[in-house]
Amino acid sequence: MWSELSNLPKIYGTDPTHTVYLGPDAVYRVVRAEARGSYDKVVQSKLLPRLVEWGFVPTEAISVNERGDVLLKHVRIPFVTHPAEWSPSMVHDAALFILTLASRLAEEGLMLSDG
């Protein structure tokens, strides 16, 4: 799968710690070796299944390359929107989700790197 990523559109790649690609059947995220510490903390805390309960899409680790980068596969939602297209109530719901998530992560000794 690693070699196929270059054929997929990159939908997020401005952060040196991870890149996101849009596939026809899923969304793929490469977590770079430099960010493995944070990723490994989430895995070790057994948060991944709980994240789905909290509203995240199901995610699975597919493989790790020789550099230590992790390839994740996220379930693809049927459509993509951008915050500029959202109604005020959607923005409110998103903000509430982020605040709730930040609070839950803090209980685990973790925090968001950005909001």
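- In this structure, CD1 on Ile11 lies 11.0 Å from OH on Tyr21, to the nearest 0.5 angstrom.
- Once rounded to the nearest 0.5 Å, the distance linking CH2 of Trp86 with NE2 of His92 reads 13.5 Å.
- Without hydrogens or angle criteria, Asp69 side chain to Ala33 main chain gives a donor-acceptor distance under 3.5 Å.
- Side-chain N or O atoms of Arg29 include none that pairs as donor or acceptor with a backbone N or O of Leu71 at under 3.5 Å.
- Panel note: side chain Thr100, backbone Leu96; a donor-acceptor pair is recorded below 3.5 Å.
- A chain of hydrophobic side-chain contacts below 4.5 Å, direct or via other Ile, Leu, Val, Met, Phe, Trp or Tyr residues, connects Ile62 to Leu8.
- The shortest distance between side-chain heavy atoms of Glu34 and Arg67 falls below 4.5 Å.
- A centroid separation of 6.0 Å or more is found between the aromatic rings of His18 and Tyr39.
- Classification of Arg50 and Glu108 as a salt-bridged pair holds, one side-chain N sitting under 4.0 Å from a carboxylate O.
- Under the 4.5 Å side-chain criterion, counting only non-hydrogen atoms from C-beta, Leu112 is in contact with Leu105.
- For the pair Ser63 (side chain) and Ala61 (backbone), a donor-acceptor distance under 3.5 Å is absent.
- Arg104 has no carboxylate O lying under 4.0 Å from a charged side-chain N of Glu53, or vice versa, which leaves the two without a salt bridge.
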